[in-house]
Participant: 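Please read through the structure below; I'll follow up with questions.
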Protein chains: 2
Amino acid sequence: MIDAIDRAILRRLQEDGRMTATALAGEVGLTVAPCHRRLKELESSGVIRGYSADVDPARVGLGFEALVFVTLRDRQNMKAFEAGVAGIGQVIEAQRLFGEPDFLLRVMAEDLPAYQRFYDDVLVGLPGGRKVD
Amino acid sequence: MIDAIDRAILRRLQEDGRMTATALAGEVGLTVAPCHRRLKELESSGVIRGYSADVDPARVGLGFEALVFVTLRDRQNMKAFEAGVAGIGQVIEAQRLFGEPDFLLRVMAEDLPAYQRFYDDVLVGLPGGRKVD
DNA sequence: CGTGAAAATAGGCCCAC
DNA sequence: GTGGGCCTATTTTCACG
């Protein structure tokens with residue numbers, strides 16, 4: 001199914017997702033044709049979900065990143081909170097935990113003041129709870 | 001410096017990091033040449049740090065992901081702990097926090113039993129502390 | 001920034017093992 | 001099923017207007 005060569009391909013592709021099949025072939029010790037076949041197979045079978053550019057947040061005006069731990073006042077609101085948070089672009093990641101706290105949010109903002117405004121204006125408007133970090 | 005078109009390029013490239021300059025040009029409303037010039041500039045100036053393939057962890061035998069909160073017994077060991085954790089391949093991400101807990105680790109393993117072995121054999125060997133989640 | 005060309009390269013195909 | 005080589009279609013990368 002997935003052998004050592006496939007793993008080499010995946011490893012290399014995680015380091016440089018823009019590699020061409022030709023360059024890949026050389027590095028994993030294959031010629032282009034079989035390498036390209038494997039690559040397509042990995043993509044279509046869902047092992048490779050996609051490719052993305054790694055953008056430096058600080059360079060695009062988002063220099064401040066914060067981790068916010070959220071404990072809900074009322075656990076009935078779990079779903080509502082999850083849905084609300086999904087609609088906020090500044091929330092990069094929302095991890096649902098089991099136990100205290102309930103959620104881990106990764107939030108981006110321009111800077112500390114901007115984060116504070118975001119915190120006051122947006123986060124407290126959700127059916128949420130107390131900040132921890 | 002970075003205008004609306006650059007942002008469009010970055011947004012699109014985060015969704016699909018393997019787009020060609022040609023395809024990009026059409027989507028952001030430019031022709032190939034200027035689009036390619038911008039792309040190269042974004043890469044060499046460090047706004048784009050790189051590209052990576054998004055591999056489905058479950059498909060390569062790492063179906064279990066855990067967030068581990070670590071509170072050090074002795075904060076003097078902060079640096080040593082950080083260095084130790086950096087050498088463990090299963091630790092995807094180590095986030096240093098300020099306050100309790102001290103660290104947030106993102107750990108991958110094959111499954112729950114494998115994670116438990118990893119926890120017992122590796123994590124407790126570090127100058128660390130108590131698990132929270 | 002757009003156009004047009006040239007050069008390089010990648011991707012897909014068919015054949016041999 | 002895996003590797004090798006060719007041919008075509010794109011892509012990149014220059015000029016220049």
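Here is the naming used below: chain letters follow the sequence lines, and residue numbers restart at 1 for every chain.
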Participant: Between F69(A) and F69(B) (judged by ring centroids, cut-off 6.0 Å), do the two rings come close enough to count as a pair?
Facilitator: yes

Participant: Using whole Å, report how far CD of E43(B) lies from C1' of dT12(D).
Facilitator: 12 Å

Participant: Measure from the side chain of A33(A), starting at C-beta and using heavy atoms only, and say which of dG2(C), dT13(D), dC13(C) lies closest.
Facilitator: dC13(C)

Participant: dA10(C), dG3(D), dG2(C): which one has an atom nearest the side-chain heavy atoms of T20(A)?
Facilitator: dA10(C)

Participant: Respond yes when some side-chain nitrogen or oxygen of H36(B) is under 4.0 Å from OP1 or OP2 of dT12(D), and no when none is.
Facilitator: no

Participant: Compare the minimum distances between each of dG2(C), dA10(C), dT11(D) and the side chain of L30(B), then state the nucleotide with the smallest one.
Facilitator: dG2(C)

Participant: Please report the shortest heavy-atom distance between L126(A) and G84(A), naming the atom on each side.
Facilitator: CD2-CA, 3.9 Å

Participant: Between R12(B) and E15(B), is there a salt bridge with N-O shorter than 4.0 Å?
Facilitator: yes

Participant: Of L104(B), L105(B), V91(B), which meets side-chain contact (heavy atoms from CB on, under 4.5 Å) against V68(B)?
Facilitator: L105(B)

Participant: Could you check D3(B) against R18(B) and say which one's nearest nucleotide on DNA chain C is further toward the 5' end?
Facilitator: D3(B)

Participant: Which whole-number value in Å describes the distance from E41(A) CD to dG11(C) P?
Facilitator: 17 Å

Participant: Between the base of dG11(C) and the side chain of R37(A), is there any donor-acceptor pair under 3.5 Å?
Facilitator: no

Participant: Of the candidate nucleotides dT12(D), dG2(C), dG11(C), which contains the atom at the shortest distance from the side chain of T31(B)?
Facilitator: dG2(C)

Participant: Distance check needed: dG11(C) C1' versus L39(A) CG, whole Å only.
Facilitator: 11 Å

Participant: Compare the minimum distances between each of dC1(C), dT13(D), dT2(D) and the side chain of P34(A), then state the nucleotide with the smallest one.
Facilitator: dT2(D)

Participant: Picking from dG12(C), dA10(C), dT2(D), which would you name as closest to the side chain of T22(A)?
Facilitator: dA10(C)

Participant: Are D6(A) and R59(B) ion-paired here, with the side-chain N under 4.0 Å from a carboxylate O?
Facilitator: no

Participant: Can you measure I5(B) atom CD1 to dG2(C) atom C1' for me and round it to whole angstrom units?
Facilitator: 13 Å

Participant: Nearest to the K40(B) side chain among dT12(D), dT13(D), dG2(C), which nucleotide is it?
Facilitator: dT13(D)

